[in-house]
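The structure under discussion appears below in the form of C-alpha cells.
For clarity, every value in this text was computed on a predicted model and none was experimentally measured. In what follows, every chain begins at residue 1, and chains take the letters A, B, ... in the order their sequences are listed. Reckoned from all heavy atoms, side chains included, excluding hydrogens, waters and symmetry mates.
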Amino acid sequence: MTTLIWLRDDLRLADHPALTAACTGAHGPVVALWIHETRRTDEDNNRHGPRPLGAATRWWYHRSLQQLAPRLADLGIPLIFARGDAARIMRRVVDTLQPTFVHWTRRYAPAACRLDAAIKQELKSRTEVHSHPGSLLAEPWLMRTASGSHYQVFTPFSHAVADLPLTPLLPEPSPVDEPDGAATDLATLREDGVLHNLEDIGLLDDGPDWWEDTLAQHWEPGELAARQQLDAIDGWLPGYAKRRDLPGEETSTSRISPRLRCGELSPRQALAAARSSTAAGEDIAAWTRQLYWREFCWHLLHHREHLEDTPMRPAFEEFPYHPDDHLVRAWRQGRTGIDLVDGGMWQLWQTGWMHNRVRMVAASLFTKNMLQPWQDGEQWFWETLVDADEANNPISWQWVAGSGADAAPYFRIFNPELQRTRFDPHSSYVKRWIPEGLARPVVPVVDLAESRREALAAYEQVRAASAAHARPQRG
DNA sequence: AGCATGTTGAA
DNA sequence: TCAACATGC
C-alpha cells in the first residue's frame with residue numbers, strides 16, 4: 001500500500017494539500033520523488049512539460065532540495081531523485097513501487113498541463129492519481145468574469161481574487177507509519193539507473209563555477225529560512241508602500257519571490273501573513289498587490305499558449321528589432337555606461353536577483369533603446385534569476401516591451417538617467433553593485449535621446465500593422 | 001508601472 | 001528662473 005508524491009514546484013511541508021493528502025490517506029510507506037525534467041516537443045511542435053530550469057534557479061532548487069530531504073525523512077518519507085523525461089520516469093517508478101495512490105500539486109503552464117494530463121491518463125489503469133491545488137490562490141478555470149471569459153485586465157482580477165475566502169492554512173503533516181517500507185523497491189530503481197543522488201541529476205551543471213559561492217552569500221534556500229523571512233513580516237512590511245521603489249534600500253522589498261518560485265512558501269501563506277501583520281493598510285495593500293500580479297500572470301499563462309516567446313499583441317511581430325551581439329554583450333555584462341542599468345545587471349550577476357524597478361528599466365533599455373528582441377533579454381533573466389518564473393518573467397518582459405495585451409495607449413520608454421535620480425538619488429544602489437574599477441564606457445553604448453526617437457519610429461510599424469489588422473482590405 | 005514639452009505663476 | 005501642473009504620445 002505504497003503512496004507516491006511527485007514534488008515539483010512545491011518544496012515545503014506546510015500548507016501543502018498534496019503532501020497532506022499523501023500522508024493522511026497512507027496505509028503504508030510514502031515516497032517523495034523529484035525529477036530534473038527535460039522538455040519534449042512533439043511532431044505538431046507542441047511542447048510537453050515545464051520550461052527547463054535556468055542556471056540560477058537550478059542552483060536554488062539544488063539547495064532547497066538539500067534542505068527538504070532531511071525534513072521529509074523526519075516524517076518517514078524518503079526523497080528520491082531522477083533526471084530526464086518525466087513520463088518515462090513516472091512509468092518506471094510506478095511499475096516498480098506499484099503505489100495505490102499518486103499525488104501531486106497541479107502546474108498551470110499549458111505545456112506542463114499537457115504532460116501531467118498525459119501521465120495521469122497513462123497511469124490511470126495502474127494507480128489512483130490525485131492532483132491538488134497549492135501553487136496559486138485560485139484555480140485559473142474558476143476565475144471567470146461576468147461574461148464567462150477569463151480575466152484580461154489586472155484590476156478587476158485582483159478585486160475578484162481579494163474577495164475569495166482564504167481557508168485555514170494546512171499544518172505540516174504528521175509522520176507516516178512505515179518509513180522503510182519501500183526500501184527494496186527503491187534499491188531496485190537505483191540499480192536500474194532510474195534513480196540517482198541529488199548531486200547526480202545535473203542541477204549544478206553549466207552554471208558559472210564561482211556562482212555556487214556568491215549566490216550562497218546572498219541566499220539561504222529552504223522552507224525553514226523562508227518561513228523565518230515570512231514570520232519577520234512586521235519588520236519589513238511597514239513602510240513598504242513608500243519604499244518599495246527604492247532599490248538602494250536593502251529592506252525595501254520582501255525578496256520572497258524565489259520562495260514562491262519553488263514553493264518553499266505557498267501564496268496562501270504569504271497572503272495570510274500580510275493580512276495578519278501589524279503593518280499599515282496601505283503597506284499590506286501594496287504588497288498583496290504584488291502577490292495578485294503573480295497570480296494574474298499565472299492565470300494568463302494558463303489560458304494562453306505560447307506567451308513565453310510570442311507577443312500577446314500580434315502586431316508586435318512587425319516591430320523592427322535589430323539584433324546586435326555587441327549591445328547584448330554590453331547589457332549582459334553591465335557595461336552599457338548607463339549607471340542604473342549596469343548596477344542592476346551586476347546585482348543580477350552577483351546575487352541572482354534584481355530589484356523590480358531596475359528590472360523594468362534594464363528591460364526597457366534592452367527592448368527599446370537598444371532595439372533587441374524581448375525574448376533574448378527574457379532568456380537571460382530566465383538563466384540568471386533565482387526567481388525566474390514561467391509566468392512572471394515573460395509576461396513582465398512583454399509588459400515592458402509593449403507587446404502585452406493590456407499595454408498603455410502610448411509607447412512607454414523609461415529614461416534610465418531620470419529613473420536613477422528619482423529612485424536612487426544618492427546613487428547608493430549603483431555604487432553598491434557596479435564593481436570598483438570596472439572598465440565601462442564613458443559614453444553610453446546607446447545615445448538615450450537618439451535611440452528614444454528611433455524606438456518611437458520603430459513603434460510606428462506596430463501601429464501601422466494593428467491599424468491594417470483593425471481595418472482589413474475588402475477583397 | 002512614463003517622458004517630453006509647454007504653460008503658469010510666484011520669486 | 002524654476003517649481004508645479006497639464007497634455008499628447
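- For His150(A) and His299(A), the distance between ring centers is not under 6.0 angstrom.
- Within a heavy-atom distance below 4.0 Å of DNA chain B, the residues of residues 352-368 of chain A found are Asn356(A), Arg357(A), Met360(A).
- Cation-pi geometry between Arg51(A) and Trp382(A) is met: under 6.0 angstrom from the ring centre, within 45 degrees of the axis.
- Of the candidates Phe316(A), Phe366(A), Phe319(A), Tyr321(A), Trp374(A) forms a side chain to side chain contact (heavy atoms under 4.5 Å, CB included) with just one, namely Tyr321(A).
- Rounded to the nearest 0.5 Å, atoms CG (Leu237(A)) and OG1 (Thr288(A)) are 8.5 Å apart.
- Rounded to a whole Å, the CD atom of Gln419(A) is 11 Å from the P atom of dA1(B).
- Here Arg422(A) lies in heavy-atom contact (under 4.0 Å) with sugar-phosphate atoms only.
- Put simply, CG on Leu418(A) is 10 Å from P on dG2(B), counting in whole angstrom units.
- Taking 4.0 angstrom as the limit, Arg244(A) places a side-chain polar atom (N or O) nearer than this to OP1 or OP2 of dA1(B).
- Seen from the ring of Phe411(A), Lys368(A) counts as a face-on cation partner, given the 6.0 Å and 45° thresholds.
- Regarding Tyr410(A), its OH atom lies at a distance of 9 Å from the C1' atom of dC3(B), rounded to whole Å.
- Within the model, atoms CG of Leu203(A) and CZ of Arg63(A) stand 12.0 Å from one another, a figure rounded to the nearest 0.5 Å.
- One interatomic measurement links the two molecules: CZ of Arg294(A) to P of dA1(B), which rounds to 20 Å at whole-angstrom precision.
- Per the geometry, CG belonging to Asn369(A) stands 16 Å off P belonging to dG2(B), to the nearest Å.
- The interatomic distance linking Glu417(A) (CD) with dC3(B) (P) rounds to 12 Å, in whole Å.
- A distance below 6.0 Å separates the ring centres of Trp287(A) and Trp236(A).
- Within the 4.0 angstrom heavy-atom criterion, no nucleotide atom of any strand lies near Arg289(A).
- Contact annotation for Phe411(A): no contact, since no heavy-atom pair falls under 4.0 Å across all strands.
- Rounded to whole angstrom, the span from the CZ atom of Phe414(A) across to the C1' atom of dC9(C) amounts to 16 Å.
- What separates CG of Leu456(A) from C1' of dG8(C) is a distance of 12 Å, to the nearest Å.
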